[in-house]
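What follows is a short report on a single structure.
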Amino acid sequence: MKRITYIFLFLCIVLGAFADDVSFRASAPSQVVVGTPFQLTYTVNQRAKDLRAPEFEGFDVLAGPYTSQSSSTQFINGTRTSTFTLTYTYTLMAQNVGTFTLPPATITVSHNTYNSNGLKITVLPEDEKPDTQQQGSAGGNSQAGRTSQASGSKDDLFIRTIVSKTNVYEQECITLSYKLYTLVDVAQFTNNTKIPEFMGFVKQEVDLGNIQTNLEHYNGRNYQTATLFETQLYPQKSGDIKIEPASFEAIVRVRNQSQVRSIFDDFFDTYSNVSRQLVAPGVTIHVKSLPSGRPQGFSAGVGSFTMNSSISATELSTNEAVTLKITVSGTGNMKMLKTPQVEWPEGFETYDPKLTNNTRNSAGGLTGSKTFEYLAIPRASGTYTIPAVSYSYFDPQAGAYKTLSTPPYTLQIKKGADDNNAVVSNYVNKEDIRQLGSDIRHIYTGEIKQSSQDKVKFGSWIFWMLYIIPLLLTIIIIVVLRKRIRDNADIRKVKYRKANKEAQRRLRQAKKMMTEQNEKGFYEEIERALWNYLSDKLSIPTAELTKDNISQLLLERGIDQNTIDELNTLLRNAEFARYAPSQNNTTMQQMYEQTAELINKIN
Amino acid sequence: MQRLVSISILGLLIFVGLSAQTYDAIESTYESANAQYNAGNFAQAAQLYEQLLDSADFGDEQAYIYYNLGNAYFRVNELGKSILNYERCLRLQPGNKDARYNLEFAQSKIIDNIDQGNTFFLSQWITTLRNTQTYRIWMWLSIGLFILCLVSLLVFLFTRPIALRKTGFHIAWLAFLFSLCSLALATAAYNHRNDKNEAIVMQGIVNVKSSPDRSGTDLFTLHEGTKVRVSDRVGEWVEIRVGDNIGWLREDNIEYIVH
């Protein structure tokens with residue numbers, strides 16, 4: 001029982017090995033012409049039997065299947081390799097124009113059934129009837145035929161300039177290719193090729209690999225075609241940009257038809273190489289500038305993009321690195337994309353982002369992704385938020401700006417073991433308010449009142465009235481009260497008014513002397529008080545005062561005779577007492593009182 | 001009679017209601033414009049502010065709308081329009097510090113580096129002083145000081161104590177001097193506010209010609225946001241002065257600050 005199991009297992013392995021090696025493929029030209037036979041082959045690399053071909057719908061089977069086998073064995077460095085090929089060939093002919101799909105065929109290799117690949121065949125219409133010139137050539141006018149073949153007919157061999165779009169936005173990708181259409185046998189292209197400069201574009205050449213030829217129906221003829229050159233262009237400015245024509249030099253193999261027809265001519269044609277200059281026409285690209293209203297954080301990207309972001313950690317200690325990864329993927333002018341601006345909070349040491357490109361060419365421009373890795377090291381503990389990074393691009397399909405954004409990340413930073421700040425002494429580094437950036441100030445959001453129109457217009461008569469009216473008022477006041485001003489201005493009047501006060505002051509002085517028993521001083525003071533008082537009152541300088549004119553002036557002022565007599569007595573007594581002292585205290589007291597009384601009376 | 005009164009009261013109520021309603025509409029436009037601005041929809045905010053300026057006249061308070069409009073334009077990179085509106089705001093409120101700051105900020109983004117105005121320190125100082133207040137405040141200050149001068153004169157003339165008289169005398173002549181200064185500043189401020197000859201370049205790049213026609217020699221180029229002084233006009237062309245440069249450009253390339 002066990003043995004059987006082993007054998008079974010062994011068989012399985014062997015079969016598996018076989019199964020891995022079997023390759024069963026169908027091949028046929030991808031473009032064929034109606035009414036032209038072509039070959040469909042099925043190739044298998046093991047001995048096989050029982051080919052079941054599908055229904056060739058839309059095709060007539062003209063012949064087949066023919067089988068052919070080939071095998072080879074090689075010894076290289078003592079290792080034996082053998083190959084075996086079994087080929088089934090059908091000759092088919094298309095009935096109708098269109099695209100047809102041939103389902104897979106099946107074949108049996110040592111009791112296992114294998115499927116081939118399916119095939120898609122485009123059937124092109126027949127050539128339209130060749131024009132008269134060619135008929136002429138067929139009719140025997142070899143001279144004409146030769147020129148037509150060698151250098152003439154533009155329809156035989158030409159290059160088309162194929163542009164994916166002619167109306168684009170700035171930075172939007174277009175694909176430009178030069179495609180050869182030929183009915184003749186092109187041997188090769190020389191180096192004498194002139195590709196335009198593509199001024200105004202950034203170009204990205206597409207590597208075509210081996211040139212592949214295809215059959216294409218164009219303008220009623222079936223041409224062999226090959227793409228000679230392909231590039232992607234990104235317009236850098238708006239307006240109409242002209243692409244100059246390109247020129248190629250092709251070497252064409254032409255059959256020599258010698259003038260002298262010999263019997264061999266029909267069997268041994270000789271060929272000669274003729275060079276032909278081919279010009280691919282220029283094109284004009286209409287480039288629209290990107291619309292205004294470009295958002296903040298515009299990436300300069302044109303195309304369609306998506307953005308992903310991830311962060312290496314959200315909880316970490318100080319001095320541990322954190323990496324924020326932002327991946328922008330999509331199709332468009334990937335090369336031009338700016339680095340997204342990440343606003344790290346204060347307290348993070350940041351480094352320039354690392355950029356990884358992973359892009360390839362595609363129809364709409366470069367496709368792939370760009371990864372930006374931002375490394376930062378927090379130097380202070382706390383909770384920080386990295387704000388959302390917004391990244392906008394222009395979508396030419398929608399004709400609008402679109403904005404992508406990452407989520408904001410919140411980072412918890414703990415104090416690390418080697419945190420320098422942990423061992424700070426009492427000394428604290430003070431910092432001024434640091435200007436981190438500058439921006440305009442915010443809008444005014446307060447209430448707006450509908451202010452009333454001002455009544456006083458600058459320079460109006462009301463305005464000047466505001467000066468003139470107070471001025472007039474002042475002038476009126478001055479005119480009305482001018483007497484008072486004169487009074488104020490008249491010094492004699494002032495003295496007159498002040499005479500009483502001055503006399504009182506001197507009397508107080510005299511009283512002080514009386515208490516000090518200074519008799520001489522007392523009498524002097526009394527006398528001076530009287531004389532000064534009279535001088536001020538009568539507006540006569542002291543020097544001009546005599547007892548006589550005092551009496552007269554006082555009389556004129558309507559002071560009665562008694563008072564004048566009293567005054568004269570007092571003056572005489574005072575003068576007398578000054579020069580004959582030793583009066584007693586009572587006399588002094590009496591005289592003081594008398595003087596005070598008199599001054600009151602005259603006043 | 002009673003009926004007449006009631007009708008007139010009704011009419012008054014309707015009138016008040018209507019004006020209140022339009023005022024409410026204006027208020028809500030203003031608030032939604034601010035909301036749009038705060039939400040980052042600067043273009044819509046600018047449109048609403050423009051609408052607000054068209055619909056109502058707020059007198060000097062209009063300055064705030066000009067200021068906000070300037071901010072909104074600044075956000076959508078319309079440097080020329082932004083500077084124009086800041087200038088308009090400052091014409092109405094020369095003392096608006098935010099507007100002056102933002103104007104200077106916006107001017108720092110202009111490409112043209114032109115030494116504007118007089119560099120003599122005294123005239124700069126006077127301009128700064130003039131700009132601290134509106135012309136109306138200078139006007140009332142001048143009138144007030146003149147009245148103070150007269151009152152002090154009366155005090156000087158009609159009082160007796162020497163100290164009071166002396167004080168009155170000094171206050172009178174000082175007040176008179178300051179009143180004259182204020183009047184001068186008020187005149188300067190009033191003239192500046194209504195100065196119709198200053199304009200802002202609206203075109204991204206414009207060539208200034210030597211004569212008022214297309215074939216004139218290009219003298220120099222100006223960029224969006226630069227302030228120019230218009231000194232002459234010929235048809236569609238204006239003669240402008242920028243710093244020491246003089247030349248001609250088309251009138252539709254500039255926008256007057258006061259129109």
Side-chain angles (χ1 to χ4, degrees), chain A residues 289 291-298 390 392 401 403 405 437-460 462-489 493-494 497-498, chain B residues 23 26-27 30-31 33-34 37-38 40 42-43 45 52 56-65 67-72 74-78 82 96-99 101-102 105-106 108 135-136 138-140 142-143 146-147 149-151 153-154 157-160 165 179 183 186-187 189-190:
Chain A
S289 59
S292 64
R294 186 170 294 200
Q296 294 268 307
F298 181 60
S390 71
S392 54
Y401 291 100
T403 302
S405 91
S438 51
D439 194 7
I440 56 169
R441 291 187 185 159
H442 198 63
I443 52 167
Y444 173 82
T445 50
E447 206 185 328
I448 290 183
K449 286 177 233 97
Q450 216 145 5
S451 67
S452 56
Q453 287 294 313
D454 43 324
K455 289 179 186 73
V456 183
K457 285 229 159 57
F458 186 78
S460 66
I462 301 178
F463 168 73
W464 292 115
M465 279 299 142
L466 286 170
Y467 287 93
I468 292 165
I469 290 168
L471 188 65
L472 286 176
L473 272 175
T474 314
I475 290 168
I476 289 165
I477 292 170
I478 289 170
V479 167
V480 168
L481 300 175
R482 64 183 181 281
K483 191 165 173 286
R484 179 111 184 244
I485 298 170
R486 215 163 5 170
D487 284 359
N488 269 5
K493 292 256 168 94
V494 173
R497 264 198 325 269
K498 285 191 176 164
Chain B
Y23 189 70
I26 286 161
E27 190 86 321
Y30 171 65
E31 261 150 32
N34 284 354
Y37 183 93
N38 287 332
F42 303 117
L52 208 57
D57 184 20
F58 298 92
D60 277 7
E61 300 262 320
Q62 197 110 326
Y64 292 118
I65 301 171
Y67 171 67
N68 290 0
L69 182 58
N71 275 4
F74 183 83
R75 291 283 184 224
V76 291
N77 284 333
E78 294 271 12
S82 163
N96 191 328
K97 287 204 176 62
D98 289 345
Y101 178 87
N102 287 2
F105 191 83
S108 70
Y135 82 94
R136 206 165 287 126
W138 288 123
M139 181 178 97
W140 287 115
S142 168
I143 292 169
F146 187 69
I147 291 168
C149 161
L150 295 175
V151 169
L153 193 70
L154 292 177
L157 290 173
F158 293 111
T159 52
R160 250 176 229 150
R165 282 166 59 83
S179 173
L183 185 62
T187 314
Y190 183 77

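Letters A, B, ... are given to chains in the order of the sequence lines, protein chains preceding strands, and every chain is numbered from 1.
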Atom group of A:L473 that falls short of 4.5 Å from chain B, counting heavy atoms: neither

Contact class of B:I147 relative to chain A, heavy atoms under 4.5 angstrom: side chain

CD1 on A:I443 to CG on B:L69, rounded to 0.5 Å: 11.0 Å

Option that, when pairs with chain A are counted at under 4.5 Å, heavy atom only, ranks first among B:V151, B:D98, B:I65: B:D98

Value rounded to 0.5 Å, distance of OH in B:Y30 from OG1 in A:T445: 6.0 Å

Within-4.5 Å side-chain heavy-atom neighbours: B:T159 and B:L154: no

Contacting region of B:S108 [heavy-atom separation from chain A under 4.5 Å]: neither

Close aromatic pair by centroid cut-off 6.0 Å: A:Y444 and B:Y67: no

Among B:Y64, B:W140, B:F146, residue most engaged with chain A (heavy-atom pairs, under 4.5 Å): B:Y64

Proximal component of B:N38, with respect to chain A [non-hydrogen, under 4.5 Å]: side chain

B:A45, part contacting chain A, at a heavy-atom distance under 4.5 Å: neither

Any B:R75 side-chain heavy atom under 4.5 Å of B:Y37 side chain: yes

Aromatic ring proximity A:W464/A:Y467, centre distance under 6.0 Å: yes

